[in-house]
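First up is the structure itself, then whatever we jot down about it.
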There are 2 protein chains.
Amino acid sequence: MLVDGQHFRTIWPTDDGVFEIIDQTKLPFSFEVVRLETAVEAAHAIFDMLVRGAPLIGATAAYGMALAMREDASDDNLSHAYTNLLAARPTAVNLRWAVDEMRALLDPLDPGQRATAAFARAADICDEDAAQCSAIGDHGLELILGAYEKCGKSRPVNILTHCNAGWLATVDWGTATAPIYKAHEKGIPVHVWVDETRPRNQGASLTAWELNQHGVDHTVIVDNAGGHLMQKGQVDLCIVGTDRTTRTGDVCNKIGTYLKALAAADNSVPFYVALPGTTIDWELKHGKDIPIEERAAEEVTEMTGRTRAGNVETMRIVSDGSKAANPAFDVTPAGLVSALITERGIAMANEEALSSLYPEKAKY
Amino acid sequence: MLVDGQHFRTIWPTDDGVFEIIDQTKLPFSFEVVRLETAVEAAHAIFDMLVRGAPLIGATAAYGMALAMREDASDDNLSHAYTNLLAARPTAVNLRWAVDEMRALLDPLDPGQRATAAFARAADICDEDAAQCSAIGDHGLELILGAYEKCGKSRPVNILTHCNAGWLATVDWGTATAPIYKAHEKGIPVHVWVDETRPRNQGASLTAWELNQHGVDHTVIVDNAGGHLMQKGQVDLCIVGTDRTTRTGDVCNKIGTYLKALAAADNSVPFYVALPGTTIDWELKHGKDIPIEERAAEEVTEMTGRTRAGNVETMRIVSDGSKAANPAFDVTPAGLVSALITERGIAMANEEALSSLYPEKAKY
């Protein structure tokens, strides 16, 4: 999408055979492109969260494998790069998928062919992800168009989103943001309520930044405010992303998603979840069985921002001596989800509907 | 309550005829007592929010009137002090009540009697507030005891609260915290989940501070986390305060309260609201008619904390160029409120129950 008027993806190859990313740890206060020349640098970019978001982590790992083949295309180095990249964020499902995919491609090839094949496959993985997000956007666009028609095209469509399921988390378009960008491109007026999304503030720092750069009207709110806005009729629909969805449509997403889904149901506001089919966990029936990561207390007790003197600093914001808990995700039961927006179309949040969209995965 | 092992109220007279307060703008990073010697200083303490919370603002204004009489007990100065103190925070209902009360007392008196009478009445106003909060605590204690018995006294009672309806907002005890302090004094083990309460973070900075000082076990969480904790059975009950409650039991309180009430209802967790009868608006039937204050966007886009170098600073935390909205309160419909805890006892959140507790106010 656009940054300062210029089109960017989150990851791209250079003319001289390496690749570049946006250092997302520097956002929103500074936009910095980082050149990655070795597999070790790619692993560090993943580990240090210069890149984040499942699809982008996968794409970075794929290019990391390609860089490894450029450095040394031996079997040993292929195995070594696979292990190192996988260790950078062991719980990331897309990371494992990407390195498995690359190893399966490269293993049978002659070392002399590996680098070229690896770069080509990494580029394909990026293109496939962008196409998938674009398809999510096309399907979700219909829902925004419906809301626009419902209000007689008299005003912008108000969309609430939580966290960053934006293009910064993918290669391009994003998941939850893809329908928004598609609507914007079609000239449908949209206004986005951006939940700041404590504790890591991905909404206020990343979603707000990318919408602002692309020229989409938006307003940042604290996570407490969305329910009130829905009561006052100021939200037409919600669209969020998901880290993992069960085959019955229970949605695991960033902490606080469940509260917005409750408010949406209480105020008859449609609550949509945008996702690529790859994030559906077909093995899992009930959302309550999803283990919830407990992250560091410092994410709650400290906050990073830019001081008035212009320095980016980290401050303590909680009373000394108080402990903090930090569950990172919650589960929204399928009953609170109006529909799932996938790359194959829109599905009700239940096993039957998901199974019809993904018959090759269905359990019955 | 206790600060560093010593008992404090939020406001107290000195031996030499003036009064002192805690500078709450310095909390939680520094505990500073401020001596107020003139009515102008008292008005500034209110205006600059060194004191906050309706009951404490009222008490400060009452002492401010007393200081005015100490300086110059003339009719002119009585009128002047009344106007100045009222202007310090014109929307504070308790402020108006307190200065009206003081003026009605002082007006008919001979100037020579006014200062003594004013200090005595200000002290009474403080004692009455503390007694009222203590009574709220005694009634609410029964609910905590019930929860403790329900779990077979096998573990601490987990209580979630939002914002600061603590002793810092009153003269002593607090409203939502009063039952918690009473339980703590009775030896009932309690653990409090403290919502940080964005955007002004009164939970993380004030509620956490006062619970920590008093030795009550607690954990700070982001506002997004409470619903998940309720899903996981980690909350036995919620207790919050209120700024204004309609005669039908709709509760206006700090933004985000409504989301917690929804989650409590969805998980069969009792949701209690603690309030002095003075905050019931008998003229108002429907909570949706309560105007909601929209506060400065900077409260959302900026955050104050202590840097690693030890300085208290204000930082920008939202992407540049993004606007922010800041509705300060929301309304929780009576149907989501399990009961109201008042100084006269516990009432269901409906007009009939409230009217039986306050027959002198009842509309029918």
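Just so you know, these numbers come straight off a predicted model, no measurement behind them. Every chain is numbered from 1 and lettered A, B, ... according to where its sequence line falls, protein lines coming before strand lines.
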Tell me whether D289(B) is salt-bridged to K285(B), with the criterion being a basic N under 4.0 Å from an acidic carboxylate O. no
What part of K254(A) gets within 4.5 angstrom of chain B, counting heavy atoms only: side chain, backbone, both, or neither? neither
Between E298(B) and T314(B), is any pair of side-chain heavy atoms under 4.5 Å apart? no
Where do R306(B) and M315(A) land on the side-chain contact (heavy atoms from CB on, under 4.5 Å) test, with the steps shown first? CA-CA 5 Å; R306(B) 187 186 58 214; M315(A) 309 187 308; 5.8 Å; no
Measuring only between side-chain heavy atoms, which start at C-beta, is E210(B) closer than 4.5 Å to Y181(B)? yes
Residue P199(A) versus chain B: region with a heavy atom under 4.5 Å: both
If one checks every heavy atom of T301(A) against chain B at 4.5 Å, the contacting part turns out to be neither
Please list, in residue-number order, every residue in residues 260-272 of chain A that has a heavy atom less than 4.5 Å from any heavy atom of chain B; write 'none' if there are none. K260(A), L262(A), A263(A), D266(A), N267(A)
Just by distance, do the side chain of R200(A) and the backbone of Q202(A) share a donor-acceptor pair under 3.5 Å? no
Portion of N201(A) that has a non-hydrogen atom of chain B nearer than 4.5 angstrom: side chain
With sequence neighbours excluded, what pairs up with T170(B) under the side-chain contact (heavy atoms from CB on, under 4.5 Å) test? P55(B), D129(B), C133(B), W167(B), T175(B)
Given a strict heavy-atom distance threshold of 4.5 Å, which part of L211(A) is in contact with chain B: side chain, backbone, both, or neither? neither
Could you give me the CA-CA distance, side-chain angles and deciding distance for Q24(A) and E32(A), then say whether side-chain contact (heavy atoms from CB on, under 4.5 Å) is met? CA-CA 8 Å; Q24(A) 299 196 20; E32(A) 293 181 20; over 6 Å; no
Contacting moiety of Q213(A), where chain B heavy atoms sit under 4.5 Å: neither
Could you give the distance from CG (N253(A)) to OG1 (T332(A)), rounded to the nearest 0.5 Å? 7.0 Å
Chain B contact via E196(A) - side chain, backbone, both or neither, heavy atoms under 4.5 Å: side chain
Centroid separation H214(A) to H184(A) less than 6.0 Å: yes
What part of D223(A) is in contact with chain B, defined as an atom under 4.5 angstrom from a non-hydrogen atom: side chain, backbone, both or neither? both
